[in-house]
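All values below come from the heavy atoms of this structure, side chains included, with hydrogens, waters and symmetry mates left out. Predicted, not measured: the structure shown is a model, and the values here were computed from it.
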Amino acid sequence: MRVSNNFSLVLLAAGVTAQSVEPETGKLGDATIVSNNPVGVVYKAVLPAEAWFKPAYPDGGNIEGEVTAVAAESGEGVVYTYKLSNLPKEGGPFPYHLHVAPVPADGNCTVTLAHLDPFIRGENTSCNPFAPQTCQVGDLSGKFGEIRPEEDGTWETTYTDLYSSTLEGLGSFFGNRSIVFHYPNKTRISCANFEKVEGGVSSSVTVLPTVTGNGSYTILPTGGVSTTTGGGPSTTSDAGAGTETTTSPPLSGAAGLRGSAIGALVVGAVVMFML
């Protein structure tokens with residue numbers, strides 16, 4: 001098993017230094033270390049039987065395996081463990097990221113929206129692994145290295161990301177989100193949702209209908225969502241080989257219910273006025 005905590009040593013051996021990529025701080029500052037993750041809570045993402053990007057597997061199939069994530073014993077950060085096989089024989093190395101939205105029932109990886117980025121860092125500048133606090137929270141491969149499979153198509157590794165959260169309510173919480181595996185050109189090969197398997201009731205998320213026009217959103221460090229309309233700035237995701245503008249964010253079940261109730265009251269008031 002490869003342990004990617006030594007990733008910086010690999011970079012140094014390859015001639016990559018802390019000055020190779022200038023760190024870029026997010027609009028809301030650097031990512032903060034999460035030190036109060038609930039111990040004993042385990043999330044798991046299992047890859048589906050079929051890849052989303054069919055040309056990667058002309059004869060059918062997909063990346064096989066799972067990603068397990070659990071809070072470190074101290075509660076500081078999250079320990080990710082990857083056990084993958086049947087990776088594509090060509091086209092690597094393969095980036096992978098935590099994405100904002102979950103995978104829908106049809107397995108469409110392009111609607112998982114952008115990388116998890118609660119500090120609004122953006123992805124135009126590459127992540128500097130020597131300054132992981134300046135990277136997008138969801139840019140795991142940027143911080144710990146892309147997937148470089150063994151000759152037999154397998155890849156296993158374990159590392160601790162200090163900026164991920166298993167505590168619901170934080171913007172860095174990933175338990176109701178997804179992980180997406182890419183080609184270097186950003187084409188999405190496959191994706192899977194995280195689900196709670198130990199430590200309580202499974203977490204879920206409700207995705208509201210997409211907002212058309214110039215709507216955009218930002219996932220905030222507190223877990224809230226800032227929405228901008230009318231020509232304001234937009235957030236983009238790396239679907240396919242290009243980019244797409246993302247709109248409505250995922251909301252928790254409670255927030256979705258509150259929104260539905262408010263909408264119903266507004267409609268009722270309009271009807272009463274007309275009568």
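Cluster membership for V67 and V180, using ILVMFWY side-chain heavy atoms within less than 4.5 angstrom, is not shared. Put simply, V103 and F173 are part of two different groups of oily side chains (I, L, V, M, F, W, Y) that touch within less than 4.5 Å, one to the next.
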Without placing hydrogens or testing angles, list every side-chain donor-acceptor pair under 3.5 Å for residues 47-58, not counting sequence neighbours.
{"residue": "E50", "atom": "OE1", "partner": "G61", "partner atom": "N", "Å": "3.3"}
{"residue": "K54", "atom": "NZ", "partner": "A51", "partner atom": "O", "Å": "2.8"}
{"residue": "Y57", "atom": "OH", "partner": "I63", "partner atom": "N", "Å": "3.2"}
{"residue": "Y57", "atom": "OH", "partner": "N86", "partner atom": "O", "Å": "2.6"}

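The two residues Y96 and H182 come nearest to each other via the heavy atoms CA-CD2, 4.2 Å. Among all heavy-atom pairs drawn from K196 and Y43, the shortest one is CE-OH, 3.1 Å. Minimum heavy-atom separation, P38 to A71: O-CB, 3.5 Å. Shortest non-hydrogen contact noted between P88 and I189 is CG-CD1, 4.3 Å. V100 approaches H115 most closely through the heavy-atom pair CG2-O, 3.6 Å. Scanning all heavy atoms of the two residues, the minimum distance from P184 to P95 falls at N-CD, 4.0 Å.
Counting heavy atoms from C-beta on, the side chains of P149 and I147 come closer than 4.5 Å. Side-chain atoms of Y82 and I179, non-hydrogen and from C-beta on, do get closer than 4.5 Å to each other. Taking the side chain as every heavy atom from C-beta outward, V78 and N37 approach each other to under 4.5 Å. A heavy-atom distance below 4.5 Å is found between the side chains of H99 and R188. T134 is not listed as a side-chain neighbour of F119, based on a closest heavy-atom distance of 4.5 Å or more. Looking at heavy atoms from C-beta onward, P132 lies in side-chain contact with Y163 at the 4.5 angstrom threshold. With contacts defined as side-chain heavy-atom distances shorter than 4.5 Å, the pair S164/L98 qualifies.
Considering CZ of F181 and CD of E146, their distance stands at 13.0 Å, rounded to 0.5 Å. We find the CD-CG distance between E150 and L84 to be 12.0 Å, quoted to the nearest 0.5 Å. Note that CD of E73 and OG1 of T160 are 10.0 Å apart. Values are rounded to the nearest 0.5 Å. Summarising the geometry, atom CZ belonging to R148 is positioned 13.0 Å from atom CG belonging to L87; distances are rounded to the nearest 0.5 Å.
Shown here are the side-chain hydrogen bond (donor to acceptor under 3.5 Å, both in side chains) partners of E64, two or more places apart in sequence or in another chain: there are none. Applying the side-chain contact (heavy atoms from CB on, under 4.5 Å) criterion to S35, with sequence neighbours excluded, gives E76. D152 is linked by a side-chain hydrogen bond (donor to acceptor under 3.5 Å, both in side chains) to T154, counting only residues two or more places apart in sequence or in another chain. Every residue two or more places apart in sequence or in another chain that forms a salt bridge (charged side-chain N to carboxylate O under 4.0 Å, His left out) with E66 is listed here: K44. With sequence neighbours excluded, the residues forming a side-chain contact (heavy atoms from CB on, under 4.5 Å) with V70 are V42, V79, listed by chain and number. The ring pair (Phe, Tyr, Trp, His ring centres under 6.0 Å) check on Y80 picks up Y159, F174, with sequence neighbours excluded. Residues satisfying the salt bridge (charged side-chain N to carboxylate O under 4.0 Å, His left out) criterion with D161, sequence neighbours excluded, are K143.
Pairs passing the disulfide bond (SG atoms under 2.5 Å apart) check and including a residue from residues 129-159, sequence neighbours excluded, read C127-C135. A salt bridge (Lys or Arg N to Asp or Glu O under 4.0 Å) check over residues 89-112, counting only residues at least two apart or in different chains, returns nothing. Applying the disulfide bond (SG atoms under 2.5 Å apart) test to residues at least two apart or on different chains, the pairs with a partner in residues 145-195 are C109-C191. Listed by first and then second residue, the salt bridge (Lys or Arg N to Asp or Glu O under 4.0 Å) pairs involving residues 28-40 amount to none (not counting sequence neighbours).
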Checking side chain to side chain donor-acceptor pair (under 3.5 Å) for the pair N193/S178: CA distance, chi angles, key distance, verdict?
-> CA-CA 4 Å; N193 289 331; S178 58; 4.7 Å; no
Report the C-alpha separation of E123 and E24 in whole Å, then their side-chain angles, then the decisive distance to 0.1 Å, and conclude whether the side chain to side chain contact (heavy atoms under 4.5 Å, CB included) test is met.
-> CA-CA 10 Å; E123 58 187 81; E24 181 173 331; over 6 Å; no
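Within the 3.5 Å criterion, the main-chain N or O of G122 finds a donor-acceptor partner in the side chain of D117.
Donor-acceptor pairing under 3.5 Å is lacking for the side chains of R177 and T112.
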